[in-house]
Amino acid sequence: MSASLIGNAGAYFVAARLSAMGLICAPTFRNVPTVDLLVSDASGSSFVSLQVKTAVWAMRERGRGEQRKPDHYEWAMNWTSARLNLPNLLFALVDLKEFKELPDIFIVPSTVISAYYKGGDPATWKWPRYHESVEKL
C-alpha cells in the first residue's frame, strides 16, 4: 500500500473516532502543510489542530522466545513535522495494526515531539523516526 493511502487511512480513522466522541472534526485535504485535521468542541469555542502520522504496524518487540514482549512504538516523521512546536498543534500517532484489529491512536503535543528531536541532525539520520516506549505512551 502506498504511503499516501496509509496516511489517508490513519487520518480518516482519527476523524471518525473523534466524531464518534462528539467532537467536530474537519479534514484539511492536504491544503494546509502542517495540519491534517481541525478539531473543535460542539460550540466551536475550543479547538486544536492535528497532524496525523500513521504506521501500518508501529509496535516493536524485544527479546527472544517467551521473553519477547512489546518494547516501543515507531513512526516515521519528516524534519519539518519533527521541529514543529506550536501550542495548539497535537500529533495523532496511529498504529493500524496491519488492519487485524482496531487501530490505536496516541495524542502527543507537538512540544513533546519537538523536544524529542531537539539537537537532531538531519545529516546523521536517514529520516527522523519517533520512538517511544510502550510504558510512556
_Taking ring pair (Phe, Tyr, Trp, His ring centres under 6.0 Å) as the definition, give me every residue that meets it alongside Tyr130, ordered by chain and number, with sequence neighbours left out._
Tyr116
*asked:* side chain to side chain contact (heavy atoms under 4.5 Å, CB included) for Glu132 and Tyr73? Distances and angles first, verdict last.
replied: CA-CA 5 Å; Glu132 196 54 81; Tyr73 292 93; 5.5 Å; no
*Does any pair with a residue in residues 4-23 pass side-chain hydrogen bond (donor to acceptor under 3.5 Å, both in side chains), and if so which ones, sequence neighbours excluded?*
Ser2-Ser4, Asn8-Arg30
*asked:* Quick check: is Leu50 connected to Met21 through a chain of hydrophobic side chains (ILVMFWY, heavy atoms under 4.5 Å apart)?
replied: yes
_side-chain hydrogen bond (donor to acceptor under 3.5 Å, both in side chains) partners for Arg68, two or more places apart_ = Glu61
*In Å and rounded to the nearest 0.5 Å, what is the CD1 to CG distance from Ile105 to Leu96?*
9.5 Å
*asked:* How close do Leu84 and Thr80 get, counting heavy atoms only, and between which atoms?
replied: CG-O, 3.3 Å
*Decide whether Phe13 and Phe29 are clustered together by the hydrophobic rule: side chain heavy atoms of Ile, Leu, Val, Met, Phe, Trp, Tyr closer than 4.5 Å, transitively.*
no
*Out of curiosity, Leu93 CG to Lys53 NZ, how far, rounded to the nearest 0.5 Å?*
9.5 Å
*Would Trp75 and Phe91 count as a ring pair (Phe, Tyr, Trp, His ring centres under 6.0 Å) if you check the C-alpha gap in whole Å, the side-chain angles of each, and the deciding distance to 0.1 Å?*
CA-CA 11 Å; Trp75 285 272; Phe91 281 83; over 10 Å; no
*Rounded to the nearest 0.5 Å, what's the gap from CD1 on Ile107 to CG on Leu18? Could you check?*
6.0 Å
*Measure the spacing between NZ of Lys136 and NE2 of His131 and express it to the nearest 0.5 Å.*
14.0 Å
*How far apart are the closest heavy atoms of Leu37 and Ala11, and which atoms are they?*
CD1-O, 3.8 Å
*Search all heavy atoms of Ser45 against all heavy atoms of Ser43 and return the closest pair with its distance.*
OG-OG, 2.7 Å
*When you measure from the side chain of Ser110 to the backbone N and O of Leu89, does any donor-acceptor pair fall under 3.5 Å?*
yes
*Any donor and acceptor pair, going by atom type alone, linking the side chain of Thr54 with main-chain N or O of Val94 inside 3.5 Å?*
no
*What distance separates Leu23 CG from Ser46 OG, expressed to the nearest 0.5 Å?*
10.0 Å
*Would you please test Gln51 and Ile113 for side chain to side chain contact (heavy atoms under 4.5 Å, CB included) and show each step?*
CA-CA 11 Å; Gln51 185 167 117; Ile113 300 286; over 6 Å; no
*Linking I/L/V/M/F/W/Y whenever their side-chain heavy atoms sit closer than 4.5 Å, directly or via other members, would Leu38 and Ile24 fall into one cluster?*
no
*With clusters built from Ile, Leu, Val, Met, Phe, Trp and Tyr whose side-chain heavy atoms come within less than 4.5 Å, directly or transitively, what are the remaining members of the cluster of Phe47, listed by chain and number?*
none
_salt bridge (charged side-chain N to carboxylate O under 4.0 Å, His left out) partners of Lys69, counting only residues at least two apart_ = none
_For the backbone of Ser81 and the side chain of Arg83, can you confirm whether one donor and one acceptor N or O come within less than 3.5 Å of each other?_
no
*Sequence neighbours excluded - side-chain hydrogen bond (donor to acceptor under 3.5 Å, both in side chains) pairs with any residue from residues 88-100*: Lys97-Glu101, Lys97-Asp104, Glu98-Lys100
*Taking atom NE2 of His72 and atom CD of Glu135, what is their separation to the nearest 0.5 Å?*
11.5 Å
*Any donor-acceptor pair under 3.5 Å linking the side chain of Ser49 with the backbone of Val35?*
no
